[in-house]
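Note that the numbering runs from 1 along the sequence shown for the chain. Just follow the structure's listing: the first ligand is 1, and inside any ligand the first atom is 1.
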Amino acid sequence: MTRLSFPETFVWGVATSSYQIEGAANEDGRGESIWDRFARVPGKIVDSGNGDVACDHYHLYRQDVALMKRLGVRAYRFSIAWPRILPAGRGAVEPRGLDFYSRLVDALLEAGIEPYATLYHWDLPQVLENEGGWAVRTTAEAFVSFAEVVTRRLGDRVKNWITHNEPWCASILGYQRGLHAPGVENWTIALEASHHLLLSHGWAVPVVRANVADAKVGIAVNLNPGEPASPSDADRDACRRFDGFFNRWFLDPLYGRGYPADMVADYAADGHVPPSGLSVVSSGDLETIATPCDFLGINYYARTVVRSDRIPEAQNAPRSVHLAPKSQWTEMGWEVWPKGLTDILVRVHQDYAPSRMLVTENGASYSTPPGADGHVPDVDRIRYLQGHLVAAHRAIEAGVPLDGYFVWSLLDNFEWERGYTQRFGITWVDYATRQRIAKDSALWYARVIAEGAVDE
Ligand code: FCB
């Protein structure tokens, strides 16, 4: 067994998001979000769950902060519910919403935990969706006023800001696949939404900096390394396209390259965008999106093995796909593939060279319940986290400026279209009683943090 030590300054964190944990959906003037609306559409959420109550973190946040303190967690990534702050999307500010986050931040600082605030983790005010949502430019403008209000109030205490969480999910799952709120299924709209998300990020960066002395601001993208299922030309091309769709469509414009030409050509060929590219891009937008940031957040869960569906399978030889055995899938159906984390970190470092990187989410869904002794023996999750921390260490050894790691998630919570059927927490939540139990993975993570090292 080798012990791998992380740098002294490494940020050991846990992550959550507002809609997934807060509950208190109708309290203190909170407006309706697209997820409140979407979760009520029959058939959209597998168990018909919603975020009305969730983990009731809105009321139990002190207990949750105390738990983090006990575990020795150094940083907490949470998100701010836009409809709590601006119930009508823009304009009138709801002070009780701001007060909640202010209390949370004070509690964190008192516990010695560094706050990392995400401005947008998918709970768009429904009123803005009624006006076109992320498909229209005015939503990006409204986001900037939201960023302004929030950073003005919290910027004296919160130094680390993430503008958006996973613009791929917000645009593609929300507007192309219809699996997430607002449930639209239209390629053109989804690609336009991706542009407005990125544009609003670029606009918000200087706003955060203006309101926060010593601000560190970035964005969190979910990246997914693709691998061709075979060396055939067809699979290789499918993999190029997957990578363009998932990773490069976001990374290229963020790092000043504009939208990837091969993807614009593919989307144009499919009729999703005009041959000249997205029609919603105005002059200056690409410069805005490429505004330099202080860090890049990477959310990593799994890789994707890509097989072409454009030619008959039989012609797509040789076919040798070496996936991990079935036992190596989490309950989300996502492959356990720690090496993908090293690969994606090294690749982003080489291709885009962010000055600083953070793993802003990584974790696994396993439903292991408490045993008779009250412990939650979630050994699969420990194995997953350990493997990925080793993979993160490898990236550091390879020269990647990786400064921190946030486990998804502190708590079991509302997993979007999967409702409460998926448990990602290192803390068990009994949804009937709201009781929390630190799982064995939480105790394991506490030890890793205390020692600043992980065993290989
Ligand atoms: C990410 C989301 C997060 C959570 C995890 C499992 O895509 O950012 O909210 O749902 O997946």
Side-chain angles (χ1 to χ4, degrees), residues 13-23 33-35 38-39 44-47 49-51 54-55 57 76-82 116-124 134 162-177 179-181 194 197 201 218-225 245-247 250 296-304 329-337 340-341 344 358-367 378 380-381 384-385 388 405-427 429 439 441:
V14 292
T16 63
S17 87
S18 46
Y19 189 73
Q20 294 179 276
I21 66 164
E22 284 178 2
S33 82
I34 55 175
W35 273 95
F38 184 73
K44 293 296 184 190
I45 313 296
V46 291
D47 61 358
N50 60 51
C55 308
H57 170 80
Y76 177 48
R77 174 176 174 232
F78 60 97
S79 80
I80 297 183
W82 186 342
Y116 280 67
T118 305
L119 286 166
Y120 188 73
H121 202 126
W122 310 350
D123 37 8
L124 184 72
W134 286 107
I162 292 162
T163 53
H164 280 285
N165 178 67
E166 304 187 348
W168 181 88
C169 290
S171 55
I172 298 296
L173 297 183
Y175 291 88
Q176 189 262 317
R177 302 218 173 136
L179 280 174
H180 279 191
S194 71
L197 285 156
H201 155 78
I219 186 170
V221 288
N222 53 316
L223 300 180
N224 193 317
F245 157 71
F246 213 107
N247 305 314
F250 298 89
L296 177 70
I298 293 179
N299 297 354
Y300 173 78
Y301 289 93
R303 69 166 171 173
T304 297
W329 263 263
T330 71
E331 289 178 26
M332 285 293 275
W334 296 349
E335 189 187 6
V336 179
W337 192 254
L341 178 58
I344 200 73
L358 298 167
V359 173
T360 33
E361 282 181 29
N362 176 242
S365 168
Y366 292 109
S367 57
D378 57 338
D380 291 326
R381 179 172 293 98
Y384 181 99
L385 296 175
H388 286 78
Y405 174 93
F406 293 72
V407 173
W408 183 272
S409 175
L410 171 66
L411 303 170
D412 289 336
N413 60 47
F414 176 76
E415 178 48 38
W416 311 112
E417 79 277 20
R418 312 286 191 108
Y420 293 97
T421 65
Q422 302 293 319
R423 290 179 176 270
F424 274 89
I426 56 172
T427 305
V429 176
K439 301 181 189 179
S441 58

Q | Residues in ring-ring contact (aromatic ring centres under 6.0 Å, His included) contact with Y384, at least two apart in sequence or another chain | A | H388

Q. Mind checking what makes side-chain contact (heavy atoms from CB on, under 4.5 Å) contact with A302, not counting sequence neighbours?
A. W334

Q: Could you please provide the protein residues found below 4.0 Å of ligand 1 on a heavy-atom basis, arranged by chain and number?
A: Q20, H121, W122, N165, E166, Y301, E361, W408, E415, W416, F424

Q) Under 6.0 Å between ring centres, would you say that holds for Y420 and F414? A) yes

(Q) Is it the case that the side chain of W35 and the backbone of N50 share a donor-acceptor pair, with hydrogens and angles ignored and the cut-off at 3.5 Å? (A) no

Q: Report the relative orientation of the aromatic rings in F245 and W168; use parallel for angles under 30°, tilted for 30 to 60°, perpendicular for over 60°.
A: perpendicular

**Q.** For H164, all residues meeting ring-ring contact (aromatic ring centres under 6.0 Å, His included), sequence neighbours excluded
**A.** Y120, W134, F143

